[in-house]
Visitor: 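Sharing a structure with you now.
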Amino acid sequence: MSNSASKPIAVVTGASAGIGAVYADRLAARGYDLVLVARRAERLKTLSAKLLRAYGAKVEVIGADLTKEEGLARVEKVLATNPAITLLVNNAGNGTLGSTINTSDENAASTIALNITALTRLTRAALPAFLSRNAGAIINIASVMALHSLPITSLYSGTKGYVVNFSRGLQEELAGTGVRLQLVLPAATATEFYEFAGMPLSAFDPAVVMTAEDMVDAALAGFDQGEAITLPSVHDRALWETYDAARATLFAATQTGEPAPRYQAA
Ligand SMILES: NC(=O)c1ccc[n+]([C@@H]2O[C@H](COP(=O)([O-])OP(=O)(O)OC[C@H]3O[C@@H](n4cnc5c(N)ncnc54)[C@H](OP(=O)(O)O)[C@@H]3O)[C@@H](O)[C@H]2O)c1
């Protein structure tokens, strides 16, 4: 039995289901105590009892709606003030799959508040403490839909594109410090996500859907390998390198200060 008092603590948002619940399990198995956040506190309590039995992990449950000021502020305070926290997994996220005009105002606002605002505020709450100790890690869960937008994913892809750009800039800011940020881009994963999304998982070819366990285990393998960006389902890593090199080349080509000849009067 390990000594719980000396364990590092990981905060996992959206731990009541799917990918977040698997992160909680895997991190407890790795020797972390946990702070688990989601609205359904009963589910978190059930998971916490299981993790205590299985791994001796001590779990603090925070039943909080991260789209609401009160819930967000509570988790920010924990991140800013508990010095045993060394890892933040910004996992909570949702998305309605449908046309932009047919998505309700409420769902659009919830997706932006959760995927963008909550992730940003929790990251900003954790960073000063991590930087003051020059140690700690943040795992931000984006999506492959950050790289691709379909007529039914405009809002969701937009929010996940934010997660990618925000995280990549932060990685540059953190260079040379002892704090690191891993960006994870899952593809279709079998979770309750599709219930909120309004599209059944059965609409997908089962061959392209990963289990949440495989997704998290692959993402943590990428974390262990020191990857900055992990695409668990992409077998050929060189595809990402080519894509990112093309992006950098295009950006460099924007720095001319002159309209391109095709836009100049003949
Ligand atoms: N599943 C996929 O195919 C897939 C693919 C790419 C990326 N992702 C990303 O992976 C992450 C996890 O998704 P998942 O597939 O595991 O979905 P999930 O099974 O629906 O789990 C989402 C988690 O977020 C929590 N959550 C939702 N709204 C919340 C709120 N307002 N406040 C606090 N917690 C909230 C949920 O808990 P409560 O309902 O109890 O609050 C739940 O624990 C998301 O960021 C998602 O965008 C998923």
Side-chain angles (χ1 to χ4, degrees), residues 11-26 34-48 61-76 88-97 106-123 139-148 150 152-153 155-164 166-167 183-206 208-216 218-219 230-234:
V11 177
V12 183
T13 67
S16 63
I19 290 167
V22 179
Y23 264 108
D25 178 87
R26 300 309 196 249
L34 297 163
V35 175
L36 301 182
V37 184
R39 291 166 301 182
R40 290 170 291 180
E42 281 313 312
R43 277 204 187 198
L44 294 179
K45 284 181 195 154
T46 305
L47 177 59
S48 116
V61 163
I62 302 183
D65 185 339
L66 293 174
T67 68
K68 301 275 176 1
E69 180 58 33
E70 189 270 332
L72 202 42
R74 240 181 324 140
V75 184
E76 281 177 322
L88 165 64
V89 184
N90 270 315
N91 164 75
N94 69 28
T96 305
L97 301 180
E106 190 192 4
N107 279 359
S110 149
T111 295
I112 292 167
L114 188 62
N115 297 10
I116 296 181
T117 307
L119 177 136
T120 306
R121 282 186 50 179
L122 297 184
T123 300
I139 298 174
N140 280 348
I141 307 298
S143 166
V144 294
M145 296 317 296
L147 310 175
H148 197 57
L150 298 168
I152 57 165
T153 70
L155 260 163
Y156 182 67
S157 289
T159 63
K160 293 301 187 178
Y162 171 86
V163 175
V164 167
F166 173 64
S167 301
L183 180 58
V184 178
L185 279 66
T189 308
T191 69
E192 295 171 14
F193 177 91
Y194 294 93
E195 289 172 22
F196 179 91
M199 172 186 279
L201 197 54
S202 57
F204 286 80
D205 174 355
V208 305
V209 180
M210 199 180 281
T211 66
E213 287 78 7
D214 280 352
M215 202 302 284
V216 173
T230 298
L231 292 119
S233 61
V234 174

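Order of appearance sets the numbers: ligands from 1, and atoms from 1 within every ligand. Computed from a prediction, not measured in an experiment: that's the story for all the values here.
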Visitor: Per the side-chain contact (heavy atoms from CB on, under 4.5 Å) rule, which among L88, V89, L122 passes with V11?
Guide: L88
Visitor: Please confirm whether the backbone N or O of Y156 pairs with a side-chain atom of T153, one donor and one acceptor, at under 3.5 Å?
Guide: no
Visitor: Do you see a donor-acceptor pair shorter than 3.5 Å between the side chains of N94 and T111?
Guide: yes
Visitor: Can you list everything that forms a side-chain contact (heavy atoms from CB on, under 4.5 Å) with S233? Sequence neighbours excluded, please.
Guide: A187, M210
Visitor: Sequence neighbours left out, what passes salt bridge (Lys or Arg N to Asp or Glu O under 4.0 Å) with D25? Give chain and number order.
Guide: none
Visitor: Considering residues at least two apart in sequence or located in another chain, which fulfil the salt bridge (Lys or Arg N to Asp or Glu O under 4.0 Å) criterion with R121?
Guide: E69, E76
Visitor: At a 4.0 angstrom heavy-atom cut-off, what protein residues surround ligand 1?
Guide: G14, A15, S16, A17, G18, I19, A38, R39, R40, A64, D65, L66, T67, N91, A92, G93, L114, I141, A142, S143, Y156, K160, P186, A187, A188, T189, T191, E192, F193, Y194
